[in-house]
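To keep things clear, I will list the structure first and then write my remarks on it.
What you are looking at is a predicted structure, and each value in this text was computed from that prediction instead of being measured. Counting starts at 1 for both ligands and their atoms, following the listed order.
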Amino acid sequence: MKRPGLRFARFTSALALAGAVTLAALSSPTPAVAGSVNLGAAAAPEYRSGIARDRIYFVMTDRYRNGDSANDNGGESGSLAKTGFLPESISYFHGGDLAGLTGSCDVKDADDLGLARLSRMGFTAIWITPPFAQRTTQGDSAAYHGYWFLDITRPDPHLGSKAEFAAFTACAHSLGMKVILDVVVNHTADVISFPQGSSYVTLQQRPYRTSAGKAFNPWSYVKGTTFPRLSAARSFAKTPQPAPGFAKAPAVLNDVTKYHNRGDINWNSCDDRCYLDGDFSGLDDLMTEDYSVVRALADAYGSWITDYGIDGFRIDTAKHTDPYFFGRWLPTINSQAASAGKPDFSSFGEVYEFDSARLSEIMLDRRLPSVLDFPFQASVRQFVTLKGTGATLAAHFDADDYYTSGTTNAYGLATFLGNHDMGRIGFFLRTESQSESENLLERDLLAHDLLYLTRGVPVVYYGDEVGMTGSGEGTDKQARQDMFPTQVSEWKSETRIGSTPVGNGSSLGKSTPISRRMTELAELRTAHPALADGSQITRYGKDGAFVVSRIDRVKRTEYLVAFNTSNSAAQVNVATSTPSTTFAPLLGTGSATSGSDGKVSFTIAPRGTLVLKAAASLPAPARPAVSVKAAMDPITGSYRVLATVPGSDPSTVSFAYRRKGAQGWTTAGTDDARPFRVYLSPARLGKNSRIEVAAMVTTTDGQQATSAAVPVILRPLG
Ligand SMILES: [Ca+2]
Ligand SMILES: [Ca+2]
Ligand SMILES: [Ca+2]
């Protein structure tokens, strides 16, 4: 869920410190290099998330395929308010369900348009909108989207039964696909209202009070399992009054004192706390500081992992959840997943934020392992519509080092081109492109090439494979079209990129230039895993062109991936790490030969992509050396630790720190692309902490060298 224009201050998380693992106890001492320190196991290898090589298809289940018309009314009859079913309207349920999405699960049957279709297109994971039982309707709209839950212990009856959910996950797993559930922890359906009205009341105006009337801050209780006893009449800024007839589950969520009860987020005049404690458009905002809420959400969502083998969560409205919640909730989720045989359970949060410095800060402060990469979406959108240049993309990826820690980095970010809130890439191209309209298909393919061939986990929004664009404003309801034959008249005649308007037909059986390219890109990533999660080194970013190297460290092979958004051919001259060899094409037309200095020149076609693979292996690197220096980064107030490594070998550099006087080193993260950097936050490590930092370089042939230790005082900004 999104709202524009949010601003956030930094949150200092005391819990962040508690989670930093001191690795001294784990290390088996290795011989120290003369004149340098021994980082032991704190010099961790480069990290990759469990989904770094996956390709995710994001689908709104209600809009994909109707496998069972008997559930279209959700088991209700009578009024629209009860059934929520009106397939002619963009605001109501349309009939799609789990049975339809699952299909017959026969990948060899070209007529099987369920999960087998997605497997054939090369997807290795599916993210479905929240499948939980909803408050069916609210005002003049229905919960077909899944973000208004009442009961998270069972599927919504419009989508199917528990048995049908089990069949869905079993089918996905049999096809080698992971299942990622969209979960909501910030709020429930809107059931509570206030006699005092819905305008937000600040903490200064009315603090929270215990049932005995004592003012308190819920953030004082985020380290333990106790919480003050509260009273509906006395504890809140407003008096919570639940509408009758809407039972929530788990049962503790029926207790109105488990909510913030301060009124709605006012999007125009919110203080920082209001974004966290206010109701999101009336949706009941959970008191996630209360451990009983943490526990209930962990048990209820964890049981889906235990019962169905769910592989990951996409976490809705993560930006609006209290800053301590994920540090408490995710470890219990991950341990339930590990017990269920899912040690690589992977989650990513929705933090609607377009600045990478700020987004990474929220991700790390909140202890989220990954987030949706909104800045990537904005940068690619600008690039392909000619509102940006190669420099736009270079600047975007230059911020990647902000995401690096011992257990996070930019390779685990979920990348995307558009979604169910902001609208589709096809709409942006159709309405924003500063180019001749006949090139929209090529620009759409270019956008998907960028999605699949740069770092991150590509998420395709369902319907983009058939070139859906969007009606009206192109956002939210108008970007949630049906894949099965639609009864919405404006969707029948809607412009599509690469194909004709769908009319009364189905979008499911169609092969389009975009779907064929997705399949090709998926095959390319599978055949050459470096294109999925190999080190990415920016080589060129100017005018219409953007070029990166991707490195296969196991095979010691370099790839060049080049994009050109301009309407004329782009001639580039870039550095590589592989001298005196030929680079042959895997995608696109062109080739190159590197000189003895590693430089190559080649041409990228207008609106084209070129993927080249070096014939020779990376050369044996010289004996390595590394030095570090640290300085405050004025953008974030974190300390930028920069390692200098001579030569052009695509080495990795592991960073570690230790507190003054301590013996063991703690992992700070490993960077595998020049410039070699990590960022240490005074807020997370402790303001004015005195630490030492050091780095260890590992070359592509396994040689290592360690720097001297450098003292740093983590003074806060300002
Ligand atoms: Ca149905
Ligand atoms: Ca909240
Ligand atoms: Ca770097």
Side-chain angles (χ1 to χ4, degrees), residues 1 3 6 8 46 61-75 83-85 87 93-102 144 155-161 164 184-188 200 218-219 258-265 270 272-281 283-290 293 297 315-326 366 394 397-404 409-411 455 482 484 535-538 548-549 551 640-645 650-655 669-679 695 697:
M1 306 190 116
R3 274 296 185 278
L6 306 197
F8 262 82
E46 55 189 332
T61 310
D62 178 61
R63 302 293 161 88
Y64 187 79
R65 190 160 173 258
N66 192 349
D68 178 9
S69 57
N71 60 21
D72 289 354
N73 287 321
T83 68
F85 179 68
F93 282 96
H94 286 186
D97 50 34
L98 291 161
L101 179 57
T102 307
Y144 63 89
D156 191 275
H158 293 86
L159 304 183
S161 63
E164 284 166 317
V184 186
V185 294
N186 179 63
H187 56 253
T188 72
Y200 185 80
W219 289 8
K258 304 299 180 185
Y259 298 84
H260 285 122
N261 299 321
R262 309 199 71 82
D264 285 353
I265 295 171
C270 219
D272 291 333
R273 190 67 176 257
C274 147
Y275 288 116
L276 299 168
D277 288 12
D279 289 356
F280 192 109
S281 304
L283 299 165
D284 303 346
D285 200 67
L286 283 160
M287 181 74 87
T288 45
E289 296 91 339
D290 181 340
V293 174
L297 293 172
I315 305 163
D316 186 63
T317 30
K319 187 172 179 172
H320 299 283
T321 308
D322 89 68
Y324 305 95
F325 176 79
F326 296 109
R366 307 275 183 100
F397 292 111
D398 187 51
D400 277 1
D401 291 341
Y402 284 130
Y403 294 93
T404 302
N409 59 35
Y411 297 93
R455 103 288 184 269
D482 299 311
F484 50 87
S535 301
Q536 176 172 312
I537 305 165
T538 296
V548 295
S549 286
I551 306 295
R640 181 184 61 234
V641 186
L642 176 70
T644 303
V645 176
S651 305
T652 63
V653 173
S654 298
F655 295 87
T670 295
D671 187 10
D672 61 6
R674 293 167 194 272
F676 296 116
R677 292 173 298 198
V678 292
Y679 292 82
V697 60

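Counting heavy atoms from C-beta on, the side chains of I315 and F326 come closer than 4.5 Å. Considering only heavy atoms from C-beta on, N409 stays 4.5 Å or farther from D400 through its side chain. When side chains are defined from C-beta on, D322 does not count as touching P218, because their heavy atoms never get closer than 4.5 Å. With contacts defined as side-chain heavy-atom distances shorter than 4.5 Å, the pair E164/T102 does not qualify. Taking the side chain as every heavy atom from C-beta outward, D97 and N66 approach each other to under 4.5 Å.
Here Y402 pairs with Y679 under the ring-ring contact (aromatic ring centres under 6.0 Å, His included) rule; sequence neighbours left out.
Nearest heavy atoms, L642 versus P675: CD1-CB, 4.1 Å. Contact record, A394 with T538: CB-CG2, 4.2 Å, taken as the closest heavy-atom pair.
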Notebook entry, point to check: Can you check side-chain contact (heavy atoms from CB on, under 4.5 Å) on Y259 and H187, steps first, answer last?
Noted result: CA-CA 8 Å; Y259 298 84; H187 56 253; over 6 Å; no
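Using a 3.5 Å distance cut-off with no hydrogens or angles, the side chains of T404 and D671 do not pair a donor with an acceptor.
Atoms of the protein (N, O or S only) found under 3.0 Å from the Ca ion (ligand 3) are D401 OD1, D401 OD2, D671 OD1, D671 OD2, A673 O, P675 O. Within the protein, the N, O or S atoms sitting under 3.0 Å from the Ca ion (ligand 1) are N66 OD1, D68 O, N71 OD1, D72 OD1, G95 O, D97 OD2.
For the Ca ion (ligand 2), protein N, O or S atoms under 3.0 Å: 5 in total.
Using a 30° and 60° split on the angle between ring planes, H320 and Y275 fall in the tilted class, from 30° to 60°.
Both cation-pi conditions hold for R63 and Y144: the charged atom is under 6.0 angstrom from the six-membered ring centre and inside a 45 degree cone around its axis.
For the side-chain contact (heavy atoms from CB on, under 4.5 Å) with F325, the lone residue among L276, N186, L297 that qualifies is L297.
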